[in-house]
Asker: 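Mind having a look at this structure? Questions to follow.
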Amino acid sequence: MSKVCQLFSGSSGNSILISSKGHNFLVDIGISAKRCENALLDIGVDPESIDAVFVTHEHTDHSSGVRVFASRYNLPVFAAESCIEDMMYSGVLNEKVKTEPIDCGTEIGGIEVMTFKQSHDSVDCLGYRFNLQDSRSVSVCTDTGFITDSAREILKGTDLIFIESNHETSMVETGPYPYHLKRRILSEHGHLSNFACSEYIKELAQSGTTRFVLSHLSRENNIPHIARQTALSALNEIGLTEDSDFRLFVSPPENEGRCILL
């Protein structure tokens, strides 16, 4: 049996657990190592059981706890090569951490990890697909201004996806953020809106995806029930019914003690 859990989500920090047949992986640690440890213990996962950490990109809400956690448990850290270089330069990583460039994917314990390029204002940003030993697949697609061709190719037919539904466009446009920040969020190197997310999950559903986890919601520019309703309406639009054809989740900023079983 495989399970996944979004431990933390949003601009205050991100981390996802992917667990399958004795192998446990973290995607991002954007909070302190201690908070990550406590979140794992809260769902019955021993931090010492983690096999590796995969980093999407170098922004602190995805990487701030990586060095301490990886050092403490002697874990390899996988990321794009240029991302590793930037994290080393900024001190997010150091020479005591074993780093592994993963531009072309890897395999650990019979689990294939595939990568795809994202469009984000970082040195480099990757999404990940984990093809698990039980023929299930889990993907992480957050922090991108649009769905890239690389993502479209890799994500077809994934069983479950953590997908960004960052903001409601009208809330960004009329909100208090300065103009340069609004422009960044809404750009092709920013974040996926509720509408952009909902349009893409229709495509995913038609390729066989049955579980959607809306992730990286902005506290200032989104409301969870609006993000959920936008996605739900899109899936209903193509004739699909919740709890029959698909399941839809919204990640809170901090996990509420639940995992999703596959």
Side-chain angles (χ1 to χ4, degrees), residues 2-7 14-30 49-59 62-63 66-67 69-70 73-88 92-93 97-120 122-164 189 192 200 203-204 207-209 211-213 215-216 260 262:
S2 300
K3 66 181 180 181
V4 298
C5 182
Q6 180 120 38
L7 303 174
N14 297 270
S15 189
I16 294 171
L17 170 74
I18 296 173
S19 178
S20 179
K21 294 194 173 180
H23 293 285
N24 295 315
F25 306 116
L26 289 174
V27 178
D28 292 334
I29 307 177
S49 71
I50 302 299
D51 294 285
V53 179
F54 294 83
V55 179
T56 57
H57 64 294
E58 76 279 4
H59 290 170
H62 294 262
S63 67
V66 171
R67 178 179 56 80
F69 192 96
Y73 299 103
N74 193 28
L75 299 175
V77 174
F78 293 85
E81 186 169 11
S82 57
C83 177
I84 290 172
E85 291 173 355
D86 185 89
M87 289 191 291
M88 292 289 287
V92 172
L93 294 177
V97 178
K98 180 183 178 182
T99 57
E100 298 280 357
I102 193 180
D103 299 80
C104 296
T106 192
E107 183 177 325
I108 301 175
I111 296 172
E112 180 186 22
V113 185
M114 306 174 72
T115 65
F116 52 91
K117 294 290 187 179
Q118 301 279 59
S119 176
H120 195 50
S122 59
V123 171
D124 203 347
C125 188
L126 294 179
Y128 294 101
R129 174 171 173 155
F130 296 80
N131 292 324
L132 308 176
Q133 294 171 309
D134 55 5
S135 298
R136 297 284 191 171
S137 54
V138 174
S139 299
V140 178
C141 180
T142 62
D143 292 78
T144 189
F146 65 95
I147 302 298
T148 64
D149 290 341
S150 174
R152 280 193 156 86
E153 181 61 31
I154 296 297
L155 292 174
K156 288 178 182 176
T158 187
D159 290 297
L160 180 150
I161 187 166
F162 292 90
I163 185 165
E164 181 171 65
H189 301 287
L192 281 187
Y200 180 53
E203 183 179 323
L204 283 173
S207 77
T209 304
R211 293 171 176 83
F212 303 90
V213 186
S215 302
H216 213 302
I260 301 172
L262 284 82

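Here the structure is a predicted model, which means the values were calculated and not measured.
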Asker: With F69, which residues qualify under ring pair (Phe, Tyr, Trp, His ring centres under 6.0 Å), at least two apart?
Answerer: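 Listed in chain order: Y73.
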Asker: Looking at residues at least two apart in the chain, or sitting in another chain, which of them share a salt bridge (Lys or Arg N to Asp or Glu O under 4.0 Å) with E153?
Answerer: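 Once residues adjacent in sequence are excluded, the partners of E153 under the salt bridge (Lys or Arg N to Asp or Glu O under 4.0 Å) criterion are K156.
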Asker: Please name all residues satisfying side chain to side chain donor-acceptor pair (under 3.5 Å) with S49, sequence neighbours left out, ordered by chain then number.
Answerer: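 Here the qualifying residues are N24.
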Asker: Output the distance between atom NE2 (H216) and atom OG1 (T144), rounded to the nearest 0.5 Å.
Answerer: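 H216 NE2 to T144 OG1: 11.5 Å, rounded to 0.5 Å.
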Asker: Is it the case that S119 and H189 place a side-chain donor and acceptor less than 3.5 Å from each other?
Answerer: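 Checked: S119/H189 side chains pair up, N/O donor to acceptor below 3.5 Å.
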Asker: Please report the C-alpha distance between H57 and V123 in whole Å, then the side-chain angles of each, then the deciding distance to 0.1 Å, and finally whether the side-chain contact (heavy atoms from CB on, under 4.5 Å) criterion is met.
Answerer: CA-CA 7 Å; H57 64 294; V123 171; over 6 Å; no
Asker: List the atom pairs, donor and acceptor, that lie under 3.5 Å between side-chain atoms in residues 75-85 and the rest of the protein, sequence neighbours left out.
Answerer:
none

Asker: About how many Å separate CG of L262 and CZ of R136, when rounded to the nearest 0.5 Å?
Answerer: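 Going from the CZ atom of R136 to the CG atom of L262 covers 5.5 Å.
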Asker: Among V4, T158, V113, find the one that has a side-chain contact (heavy atoms from CB on, under 4.5 Å) with F130.
Answerer: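 Option passing the side-chain contact (heavy atoms from CB on, under 4.5 Å) with F130: V113.
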Asker: Taking side chain to side chain donor-acceptor pair (under 3.5 Å) as the test, write out the residues that go with S20, two or more places apart.
Answerer: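 S20 satisfies side chain to side chain donor-acceptor pair (under 3.5 Å) with S2 once adjacent residues are dropped.
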Asker: Restricting to non-hydrogen atoms, name the atom on D159 and the atom on S135 that form the minimum distance, rounded to 0.1 Å.
Answerer: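 Closest heavy-atom pair between D159 and S135: OD2-O, 3.8 Å.
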Asker: Does a side-chain heavy-atom distance below 4.5 Å link V92 with D86?
Answerer: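 No, too far: nothing below the 4.5 Å cut-off.
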Asker: Using modelled atom types only, decide if a donor and an acceptor are shared between the side chain of S139 and the backbone of R129 within a distance under 3.5 Å.
Answerer: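 Looks like no, no N/O pair under 3.5 Å.
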Asker: Show the nearest heavy-atom pair for residues L192 and E164, with the distance to one decimal.
Answerer: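 Taking L192 first and E164 second, the nearest heavy atoms are N-OE1, 2.8 Å.
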Asker: Salt bridge (Lys or Arg N to Asp or Glu O under 4.0 Å) with K98: which residues, sequence neighbours excluded?
Answerer: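 Result, salt bridge (Lys or Arg N to Asp or Glu O under 4.0 Å) vs K98: E100.
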Asker: Begin with the C-alpha distance, continue with both residues' side-chain angles, and end with the deciding distance and a verdict on side-chain contact (heavy atoms from CB on, under 4.5 Å) for T209 and L155.
Answerer: CA-CA 9 Å; T209 304; L155 292 174; over 6 Å; no
Asker: Do V213 and I161 have side chains that approach each other closer than 4.5 Å (heavy atoms only, starting at C-beta)?
Answerer: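 A side-chain contact under 4.5 Å is absent here.
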Asker: Taking the side chain from Q118 and the backbone from C125, do they hold a donor-acceptor pair closer than 3.5 Å?
Answerer: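 No, the answer is negative, given that no donor and acceptor are paired below the 3.5 Å cut-off.
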Asker: Can you tell me how far CD1 of I111 sits from CG of D134, rounded to the nearest 0.5 angstrom?
Answerer: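 Interatomic distance, D134 CG to I111 CD1, rounded to 0.5 Å: 8.5 Å.
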Asker: Taking side chain to side chain donor-acceptor pair (under 3.5 Å) as the definition, give me every residue that meets it alongside E112, ordered by chain and number, with sequence neighbours left out.
Answerer: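 E112 satisfies side chain to side chain donor-acceptor pair (under 3.5 Å) with N131 only.
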Asker: Between atom CE of M88 and atom OG1 of T99, what is the distance when rounded to the nearest 0.5 Å?
Answerer: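 Reported value, rounded in 0.5 Å steps: 6.0 Å.
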Asker: Any side-chain heavy atom of I108 sitting closer than 4.5 Å to one from F54?
Answerer: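 Counting from C-beta outward, I108 and F54 do come under 4.5 Å.
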Asker: Please list, chain by chain and in numerical order, all residues satisfying ring pair (Phe, Tyr, Trp, His ring centres under 6.0 Å) with H23, sequence neighbours excluded.
Answerer: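 Ring pair (Phe, Tyr, Trp, His ring centres under 6.0 Å) check on H23 returns nothing, list empty.
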Asker: Contact between Y200 and R152 at the side-chain level, heavy atoms closer than 4.5 Å - yes or no?
Answerer: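 Yes; the side chains approach each other to less than 4.5 Å.
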Asker: Return the set of residues passing side chain to side chain contact (heavy atoms under 4.5 Å, CB included) with D28 (not counting sequence neighbours), or none when no residue passes.
Answerer: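 Result, side chain to side chain contact (heavy atoms under 4.5 Å, CB included) vs D28: V55, T56, H62.
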Asker: Drop me the distance from I16's CD1 to I29's CD1, to the nearest 0.5 angstrom.
Answerer: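 Here the rounded value is 12.0 Å.
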Asker: I'd like to check the side chain to side chain donor-acceptor pair (under 3.5 Å) partners of T148; sequence neighbours left out, ordered by chain and number.
Answerer: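 Side chain to side chain donor-acceptor pair (under 3.5 Å) check on T148 returns nothing, list empty.
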Asker: D124: which residues meet the salt bridge (Lys or Arg N to Asp or Glu O under 4.0 Å) condition with it, sequence neighbours left out?
Answerer: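 If we apply the salt bridge (Lys or Arg N to Asp or Glu O under 4.0 Å) test to D124, skipping adjacent residues, the hits are K117.
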Asker: To the closest 0.5 Å, what do you measure between CD (E58) and CG (L93)?
Answerer: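 That separation rounds to 11.0 Å.
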Asker: Can a donor-acceptor pair be found, under 3.5 Å and without considering hydrogens, that links the side chain of Q6 to the backbone of S215?
Answerer: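 A pair under 3.5 Å: no.
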Asker: Quick one: list whatever passes side chain to side chain contact (heavy atoms under 4.5 Å, CB included) with T115, sequence neighbours left out.
Answerer: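 For T115 the side chain to side chain contact (heavy atoms under 4.5 Å, CB included) partners, ignoring immediate neighbours, are I102, L126, Y128.
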Asker: Tell me, do V27 and F162 make a side-chain contact under 4.5 Å, heavy atoms counted?
Answerer: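 Counting from C-beta outward, V27 and F162 never come under 4.5 Å.
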